[in-house]
Amino acid sequence: MRWGSELWDRFDDIANHVHKGLEFCEKYEDFWKKRCSIENSYAKSLRRLCESYEPKRKEPDDDSATHIQCFARVLGETRDMAGQHELIAENVQERVLGRLGLVVKALKEERRKCIEDRDKHLAVHVAHDELMDKCRVKYEKSFREMEKADELLTKVENDDSASKNDIKKQKSVCEQKKRHFDAAEADYGKQLYEANRAKNAYYTEQLPAVLDALQSIEQRRLLQFKQCVADCAAIELEVVPRIGKCLAEVEAAARAVDSDHDSDLLVSLYKTGYSFPADHLFDDLKQAKSKDNRSLHTLNQTVLSNNSNSSSSSISNNQTINRHKKYRTLNRIKGLFAAAGAITRPEDANELPPAQMKNDLVKKIAATHADIDKQQKERQGLLKLKDIYSTNEKFGDSSSAEQALCNNDQKLDNLHKQLMMYEEMLAQVEQSLAQATQTSVYHQYDCSSSSSSGTLSKHQHIYQSPSRASVTSAGWSAPATPAAHKQCESAYAVSGVGMAPLVSSNNSESFDDEDDDENYDSPSADHVDHVDGVDGVDGVIGTALVMYSFDGNVQNSISIEENESLNVLERDSGDGWTLVQKLNGERGYVPTDYIQIVYY
């Protein structure tokens, strides 16, 4: 149906409808502009959300825990979905909104021209009607004047008193009025024809053409709106598979969460490799009393002998004791660095338990192997490059390739040395773990049916920690050595077994204590005796009796036998070790719990 033939008398309503349709398209365009802004804001909010939940610092289990990997994939897929929302906004702005804006602008211009054309045609039609009306008024006026002239002529002719001259004059007036009437009638007829022609042209041609143009504008507007809606839907459908893929990845990440794996991972991360504490031993007071009596008798004899020998030198001993206290901390610190300088250790080697140290060393060995492979591939390339330079000097200087090969060889040597160091450390740690897991026999005492006789029976082979199994006496289980429980402390060297405290060498520089009133020189060579690679400090401050035998398998320690008498050179500083001297002059550290000390 054509608007020109069906709605010829509703032009104003049609023009208003077309105007509202164009405003509707502008409203739809504004909707998508705000929608794109919301999509961009939503994408930015999602990205900020993901950034806020990104770990500020990487934990040790971030690369292995399945639930953390799952959440990391969720964050990644969420960022990808945010990118899809940004893609929607970008494509709509480029492919829809720009085109829609141009089309609406063109249609509004066409509508304006249609209204102007209609107004112009209507003005011509109205002008013809107005001219026709004027001619009609003139025609009616001339007609009335002609009728009046005819009435006067009839009246004069019927009047007996009228002269012939009056009758002739009135006849001329009537003829003149009739001529005016004929002219007005002709003009009116002509203008009537022109008005009717203009009216027919306006209602049959011009106005329908304008209405049809408005109908075309409306149809193109609707088609453009339809295309824009379809394009927007297509743009959103383009990202739906990608968003669906992101959601599928999230589902796959959820399925990949393994509770057993994460539980085992926690074991590998925090397992120290230490053994359970050994069982408490039964203390036989009867047997211990007789043994203590023998020990005290021997100790008293030793004290009397040492007091008689040291009475002449008690003053010098007190002076050296005060002096040694000043250097004790510095000596131990320097001793640590001196011992650590023998072999380069990782920075955190002394801070990890054996099991975690093993995991760390395995990772470092794998990384070192990768670096070695990389350097070897680089070496192969340098060899080929050297051959090319040697064959044709135009490509380059072979000496530069040789220098690069020398640097590569040096790097490989350093990597191999580092690898050997890591492997050696790994072997030590594995040996320590093997000692921790193996079972050993220790003596356990309980009261049997013959307990009334005061004797204890030895039985059972049960699990024992290395610290307890390291030292045992013939009839008694010795206490645990301090090194077995303090392998991770910085006061001990990195090893599968413990390490006694270190003492600095005799080249330690002296320092002054700010709190002392007197200044002392550093210990001289007379006060230092080098024993087993460890520098001891003179000054006997007491005597000790060995309660349990110790085999001295810890660095900087010495072997002692039960009931052996010792001279104490230094008090236990809280680390569980005491510096002693045998009667034969051998010096070293022994566990404090293994000896009974009497200080002067």
Side-chain angles (χ1 to χ4, degrees), residues 23-105 224-266 268-270 348 356 359-360 363-364 366-367 370-371 374:
E23 285 184 345
F24 179 80
C25 288
E26 290 179 342
K27 184 184 295 185
Y28 183 74
E29 181 183 3
D30 185 65
F31 162 78
W32 266 106
K33 286 181 179 178
K34 293 181 178 179
R35 168 79 183 275
C36 292
S37 177
I38 292 173
E39 293 287 350
N40 288 325
S41 300
Y42 178 64
K44 291 180 181 178
S45 299
L46 283 180
R47 293 184 187 279
R48 286 196 297 268
L49 178 65
C50 295
E51 290 177 0
S52 65
Y53 280 91
E54 287 286 348
K56 299 299 183 295
R57 59 180 182 177
K58 199 169 185 180
E59 298 296 335
D61 57 343
D62 285 354
D63 295 332
S64 302
T66 57
H67 68 283
I68 295 179
Q69 292 178 356
C70 174
F71 186 62
R73 291 176 64 181
V74 169
L75 294 178
E77 299 302 332
T78 303
R79 283 191 291 267
D80 292 343
M81 287 189 283
Q84 299 307 314
H85 286 280
E86 290 177 339
L87 186 62
I88 289 175
E90 181 181 355
N91 290 338
V92 168
Q93 289 176 347
E94 292 181 357
R95 293 158 51 181
V96 177
L97 297 184
R99 184 180 76 248
L100 181 60
L102 294 175
V103 170
V104 170
K105 184 177 180 180
Q224 188 64 36
F225 176 76
K226 175 183 177 181
Q227 185 65 34
C228 289
V229 174
D231 290 345
C232 291
I235 289 172
E236 291 194 77
L237 288 173
E238 287 178 359
V239 302
V240 167
R242 301 171 190 171
I243 294 178
K245 186 177 181 181
C246 293
L247 296 176
E249 290 293 331
V250 172
E251 291 182 350
R255 290 192 297 270
V257 176
D258 189 353
S259 59
D260 295 335
H261 175 271
D262 290 356
S263 299
D264 295 340
L265 178 63
L266 194 67
S268 63
L269 285 174
Y270 296 106
D348 57 348
Q356 297 183 28
N359 295 335
D360 185 64
K363 293 179 181 178
K364 290 181 179 180
D371 292 339
K374 180 180 178 181

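Residues: numbered from 1 along the sequence shown. The structure displayed is predicted, hence computed values, not measured ones.
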Kindly write out the residues that satisfy side-chain hydrogen bond (donor to acceptor under 3.5 Å, both in side chains) with Glu26, not counting sequence neighbours, or none if the list is empty. Lys108
Check Leu265 against Ala65 and note the closest heavy-atom contact, atom names and distance. CD2-N, 3.3 Å
Atom of Leu100, atom of Tyr28 and distance for their closest heavy-atom approach: CD2-CD2, 3.9 Å
Leu102 side, atom CG; Leu97 side, atom CG - distance, nearest 0.5 Å: 11.0 Å
Using the salt bridge (Lys or Arg N to Asp or Glu O under 4.0 Å) criterion, which residues pair with Glu51? Sequence neighbours excluded. none
Quick one: CD on Glu86 to CZ on Arg47, what's the gap to the nearest 0.5 Å? 4.5 Å
Measuring from atom OG of Ser37 to atom CZ of Arg35, what distance do you get when rounded to the nearest 0.5 angstrom? 12.0 Å
Please enumerate all residues that pass side chain to side chain contact (heavy atoms under 4.5 Å, CB included) together with Leu46, with sequence neighbours excluded. Tyr42, Thr78, Ala82
Any non-hydrogen side-chain atom of Phe31 less than 4.5 Å from a side-chain atom of Cys232? no
Distance-minimising heavy-atom pair for Tyr53 and Leu75: O-CD1, 3.9 Å
Work out which heavy atom in Ile235 is nearest to a heavy atom in Val96; give both atom names and the distance. CD1-CG2, 4.0 Å
With sequence neighbours excluded, give me every salt bridge (Lys or Arg N to Asp or Glu O under 4.0 Å) pair touching residues 72-81. Glu54-Arg79, Arg73-Glu249
Distance from Ile38 atom CD1 to His85 atom NE2, nearest 0.5 Å? 12.5 Å
Of all heavy-atom pairs between Thr66 and Ala256, which one has the smallest distance, and what is that distance? CB-O, 3.6 Å
Would you say Leu247 and Met81 make side-chain contact, with heavy atoms under 4.5 Å? yes
Could you tell me whether Lys27 and Glu23 have a side-chain N and a carboxylate O separated by less than 4.0 Å? no
So salt bridge (Lys or Arg N to Asp or Glu O under 4.0 Å) across residues 91-101, not counting sequence neighbours, yields Arg95-Glu238, Arg99-Asp231
Using the salt bridge (Lys or Arg N to Asp or Glu O under 4.0 Å) rule, collect all pairs that involve residues 253-263, keeping only residues at least two apart or in two chains. none
Please report the interatomic distance CD(Glu90) to CD1(Ile88), rounded to the nearest 0.5 Å. 11.5 Å
